[in-house]
Amino acid sequence: METAETPVIPGRGVNLNAEEKEAVSCNGFEALYLAALDSDVTLITGVPGYPVTSLMELFLKTDNISTEMDKIPTKANNASTASHGPTYKARWLTNEKVALEIALGASVSGRRSLVIVKHVGMNLLSDPLITSVTHTTGAGLVIIAGDDPGVKGSQNEQDSRWYGRIAEVAVFDPIDPDAAYQTLRRAYELSEEIRAPVILRVTAGLEKTGGKILRLPPASAPHPMFDSSIWELRMVEKHQHFHSKAYPMLEAEAENTDLNEVREGTENRQKAEKIGIISSGFATSIIEDTLKKSGGYPGVSQLVLNLVNPLPLQKIGVFLKNNRRVLVVEESEPFIEEQIRIAGNVCGKKTGHLPYGQITPEDISFALEHIEEETPSIPVDSIRTGARKKDRASICDDCPYLPLYHFLRIPDVQIAGDMGCSVRSAPEPLAAVDVSFALGSAISVACGFEKKGIAVIGDFALAHSGILGLLNAASEGDEVLVLVLQNEVAAMTGGQKVPDLQKVVEAIVPDVSFFDLDSEEKKTTSGSGLSDLILEKLALPGISVIFIKGQCKKYY
C-alpha cells in the first residue's frame, strides 16, 4: 500500500518533496502504468515478450491491490484531489487472441481494459480486433503493442502502426513519458467516443526515456456498456455507419489534437534553409538529442506526431508547403513516409537517407548531411560499417536440452523448430532444427513435410497455439513426432509459469511418452534412453508425442 504523501511506482520509489509535488519523475513505461491507474482500468491482460514484459510486471507487482494516491496535482489546479484507490486484475496469458477477447468481454460489460502484447502478438489478435471496430465495444479498450526495431528479442522486425490502417483504428506513438501519459489517458476517452479499441505503440526506447509528468484528475465509473442497437444494422451497414460517424471523429482528432504539434526552428529562416523533420515515437527523442549536440541545424523545424493514425494530412500538407525539404524519421517501416511521399520534397527510408528498422543519432546526422540529394551518393548503411557486431544469441551452456539438440542431426529427417530457445539451435554448430516460422507453428509445419518428421516445441508455445496444430494432426491422422520441451516456464520472456497440458495431450493423442532429463536413471516404460525412444517413435506410423522434462537453470 502506498502512503498518502508518496505516490510510488512499483519497483521504483518516487519520493516527492514539497517542491517537487507538481510532477512525478518516471520513465515512459512507468508513465503508462500511472495513466492506466488514473484511467480507472480494471482489467489488464498480457502475453510475455520483449519489450513489453517489463511494462506488464509493473501491474503484476500491485495486482488486485487498492492503491492510495493522495494529493495529486492536476493541470486544472494545483490543489489536492481526493484520494482514490483503483483496483484492477492483471494476469499473464499464453495467447494474444484470447487476451483481447477477454478484454472485449470486460469492455462490453462497462469495464475499462488494457491488453499488452509485443508486435508479433498483433498478428494473433487482429481477427477479433478488426471485427470489433465495426461491431463496436463499450468501455474504453486500449492495446499496447511493443515493437522491436533492431530485432533484439524477436523473430522479425514488424511495425504495429500498420494495424491502425488495416483495422481502421486510432494509433498513438508517444515520444516521451509525458506524451505516454497523455496519450493513454486520451486513448480511453477516444475509445469510448468511437466505440472501438485504440492502439498505443511503444518500443524499448520509450522505457529508457525519463521525464516528469503532471497527472490529470482520475477517471471514474460508470463507463459505457455495449449498445445492442448496433444489431439493427447488417454487417455492411455497420461498416458504412463506422465510416460516416466514427472515422471522421478520428480524422478531426488527428488534425486538432495538441499531441500533434509543430516545433519551429529559428525565426526568419531563409527559403534556402527551410528544412523540416516529421517524426513519431522514440525517434523524436533521438532527433532532439542529435540537433542539440550538433548545433549545426538551428533552422530545422519539426512536426512531432504522437497520434499517427489517421495522419493529420491537412497539418502535414501545410508543413510540407512551408519547408523546401522534409525528412521523415520513424521506426521501423516508412509508415508516414509512404503516405506523403507523393508531395515530392519528402525523403527518408524510401529514398535511402535513413535505414529501415532502428534509428540512431548517426543515421539522422547522415540524412541531414545528404538531404539535398534525391538519393544519397553513398549507401546509408556505410555509416554503420564500423559498428561493433554483437554475438548471435545461442543456447545456454548449461541447458538441459543440449544433448537432445546434439542428437537431432538425424540424416534424412526434417525437423521443425519453434520460436523460443529451440530456434537458437538452428545455426551451426548445433544445426538441430531446419525451419522455424512462428510461435506455436512447429507441429503444423512438420505435418507438411513429405515424410514423417519431428516438431520440437516448448510447453509455452504448445499452450500458445501449438495445441491447435496437434489437434488437427490427430484428427487428420498426420505423420509426425512431437517433442515437447517441458521446462514449465516461458524461458525467453522472463520465466512466466506455463499451464500443464499433459492430460489434454493424452486425451488427443493415444501415443504419449515421458522422459525426465534431470533423472537419467528414470527410464521410460520401454526402458530405452531418449535417443532410442525418439528413433523408435519416428519409425512408427501416425502421431507420437514425447514430453521431455528439463529444468531451466536460469529460473531454478
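- The main-chain N or O of Leu124 is never found under 3.5 Å from a side-chain atom of Glu96 such that the two would form a donor-acceptor pair.
- Residues Phe242 and Val133 form a side-chain contact, since some pair of their non-hydrogen atoms from C-beta on lies under 4.5 Å apart.
- A salt bridge between Glu192 and Arg112 is present, with a side-chain N of the basic residue lying under 4.0 Å from a carboxylate O of the acidic one.
- Between Arg161 and the choices Glu331, Glu338, Glu337, Glu330, the salt bridge (Lys or Arg N to Asp or Glu O under 4.0 Å) rule is met once, by Glu330.
- The backbone N or O of Val169 sits less than 3.5 Å from a side-chain atom of Asn309, completing a donor-acceptor pair.
- Side chain of Ser280 to backbone of Asp173: no donor-acceptor contact under 3.5 angstrom is found.
- Under 3.5 Å, the side chains of His353 and Asp363 contain no donor-acceptor pair of N or O atoms.
- Salt bridge Lys97/Glu101: present, at least one basic N to carboxylate O contact under 4.0 Å.
- Under a 3.5 Å cut-off, the side chain of Lys274 and the backbone N or O of Lys321 do not form any donor-acceptor pair.
- The aromatic ring centres of His241 and Tyr247 sit 6.0 Å or more apart.
- Closest approach of Val346 and Ile340 over heavy atoms only: CG2-O, 3.8 Å.
- Checking Asp147 against Thr203 by side-chain atom types alone, no donor-acceptor pair falls below 3.5 Å.
- For CZ of Arg165, the number of neighbouring non-hydrogen atoms (other residues, nucleotides, ligands) closer than 6.0 Å is 12 at most.
- A heavy-atom distance below 4.5 Å is found between the side chains of Asn95 and Ser465.
- Ser422 places a side-chain N or O within 3.5 Å of a backbone atom of Asp418 that can act as its donor or acceptor partner.
- Looking only at atom types and distance, the side chain of Ser160 has no donor-acceptor partner in the side chain of Arg201 under 3.5 Å away.
- The environment of CD in Gln314 is sparse: at most 12 heavy-atom neighbours from other residues, nucleotides or ligands sit within 6.0 Å.
- Side chains of Lys89 and Thr42: a donor-acceptor N/O pair is absent below 3.5 angstrom, by distance only.
- Within the 4.5 Å cutoff, the side chain of Val47 has no heavy atoms near those of the Thr94 side chain.
- Exactly one of Leu141, Asp40, Leu114 qualifies for a side chain to side chain contact (heavy atoms under 4.5 Å, CB included) with Tyr188. That residue is Leu114.
- In the model, Ser154 has no side-chain atom that pairs as donor or acceptor with a side-chain atom of Glu157 under 3.5 Å.
- Judged by distance alone, the side chains of Asn323 and Ser301 do bring a donor and an acceptor atom under 3.5 Å apart.
- Side-chain atoms of Ser54 and Glu207 form a donor-acceptor pair, as typed in the model, at a separation below 3.5 Å.
- In this structure, a donor-acceptor pair under 3.5 Å is present between the side chains of Asn123 and Tyr163.
- By the 4.5 Å heavy-atom criterion applied to side chains, Leu303 and Ile277 are not counted as neighbours.
- Using a 4.5 Å heavy-atom cutoff, the side chains of His370 and Ile378 are in contact.
- At a threshold of 4.5 Å between non-hydrogen side-chain atoms, the residues Arg324 and Glu372 count as touching.
- Using cut-offs of 30° and 60° on the angle between ring planes, the pair Phe335 and Trp162 is perpendicular.
- Under a 3.5 Å cut-off, the side chain of Ser107 and the backbone N or O of Ala103 do not form any donor-acceptor pair.
- Two residues are said to be in side-chain contact when any heavy atoms from C-beta on lie closer than 4.5 Å; Leu305 and Leu311 meet this criterion.
- Judged purely by atom type and a 3.5 angstrom limit, Lys349 uses its side chain to pair as donor or acceptor with the backbone of Pro355.
- Side-chain N or O atoms of Asn260 include one that pairs as donor or acceptor with a backbone N or O of Asn306 at under 3.5 Å.
- Ser132 places a side-chain N or O within donor-acceptor distance of the main-chain N or O of Leu129, the cut-off being under 3.5 Å.
- With a 4.5 Å cut-off on side-chain heavy atoms, Cys26 and Ile213 count as touching.
- To the nearest 0.5 Å, atoms CD (Gln182) and CG (Leu307) are separated by 13.0 Å.
- Checked by atom type and distance alone, the side chain of Asp148 pairs as donor or acceptor with a backbone atom of Gly153 at under 3.5 Å.
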